[in-house]
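Take a look at the structure below.
Remember, it's a predicted structure, so these values are computed and weren't measured experimentally. Side chains included, hydrogens not; waters and symmetry mates left out as well; all remaining heavy atoms used.
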Amino acid sequence: MMKITEIKRWAKDWGYTIIKDKGDEENGDPVQYYWSKDDDPSVTGVAPSVSKVATAVYNHMTNNKWVEYQKQYAENKDIKNFSVSDY
């Protein structure tokens with residue numbers, strides 16, 4: 001399980017900042033993770049989970065080199081989780 005403190009430290013080492021916004025808990029607002037590139041304020045994003053913010057930062061760092069692989073992996077993961085006993 002990824003912890004936001006570890007991801008924030010990793011991102012900071014590579015020149016990114018991640019901010020966790022808990023939202024308004026009384027209204028049931030979801031947690032959001034905002035990220036930005038320290039030396040380029042136009043590079044920003046928002047993600048709904050720790051894993052997705054880590055993926056977004058990594059994809060920016062690598063110029064989206066592994067996005068297709070990530071999609072294929074997710075599709076294959078879903079297939080592997082399929083079981084005849086599910087029916």
Side-chain angles (χ1 to χ4, degrees):
M1 182 170 166
M2 287 190 250
K3 294 185 177 187
I4 189 60
T5 54
E6 295 170 1
I7 299 303
K8 285 173 79 169
R9 190 176 312 121
W10 164 79
K12 186 170 184 68
D13 289 345
W14 290 96
Y16 292 82
T17 298
I18 297 174
I19 298 170
K20 179 180 178 181
D21 179 9
K22 292 183 182 180
D24 186 358
E25 293 177 357
E26 290 180 11
N27 290 333
D29 291 345
V31 173
Q32 295 288 322
Y33 298 90
Y34 296 91
W35 65 272
S36 62
K37 180 80 172 114
D38 295 340
D39 62 359
D40 186 353
S42 69
V43 177
T44 63
V46 63
S49 69
V50 175
S51 63
K52 289 189 171 144
V53 76
T55 301
V57 170
Y58 177 78
N59 285 339
H60 184 265
M61 287 171 35
T62 61
N63 292 322
N64 296 314
K65 182 177 180 180
W66 302 104
V67 171
E68 282 302 314
Y69 173 79
Q70 292 165 0
K71 288 178 187 176
Q72 289 175 356
Y73 177 82
E75 289 172 7
N76 289 337
K77 185 178 172 186
D78 289 341
I79 291 170
K80 288 178 185 176
N81 290 335
F82 174 77
S83 172
V84 175
S85 64
D86 291 341
Y87 292 95

Under the side-chain contact (heavy atoms from CB on, under 4.5 Å) test, which residues partner [X], sequence neighbours left out?
X     : result
Val67 : Asn59, Asn64, Gln70, Lys71
Lys65 : Thr62
Ala56 : Trp35
Thr44 : Ser36

Would you say the side chain of Ile7 lies within less than 4.5 Å of the side chain of Ile18, judging by non-hydrogen atoms? yes
Taking only residues two or more places apart in sequence or in another chain, which ones pass side chain to side chain donor-acceptor pair (under 3.5 Å) with [X]?
X     : answer
Asp24 : Asn27
Ser49 : Ser51
Asn63 : none

Output a table of donor-acceptor pairs, distance under 3.5 Å, between side-chain atoms of residues 8-17 and any protein atom two or more places apart or on a different chain; print 'none' if there are none.
unit_1, atom_1, unit_2, atom_2, d
Tyr16, OH, His60, ND1, 2.6
Thr17, OG1, Asp38, OD1, 2.6

Got a sec, which pairs hit salt bridge (Lys or Arg N to Asp or Glu O under 4.0 Å) with one end in residues 27-37, sequence neighbours left out? Lys37-Asp39
Atom pair NZ (Lys20) and OG1 (Thr5), whose distance is rounded to the nearest 0.5 Å: 9.5 Å
Could you work out the complete set of other residues in the hydrophobic cluster of Tyr34, with links drawn between I, L, V, M, F, W and Y side chains under 4.5 Å apart? Val46
Note: with side-chain heavy atoms under 4.5 Å as the link, the other cluster members for Ile19 come out as none
Which atom pair, heavy atoms only, marks the closest approach of Lys52 to Ala47? C-CB, 3.8 Å
side-chain contact (heavy atoms from CB on, under 4.5 Å) assessment of Tyr33 paired with Asp21: CA-CA 6 Å; Tyr33 298 90; Asp21 179 9; over 6 Å; no
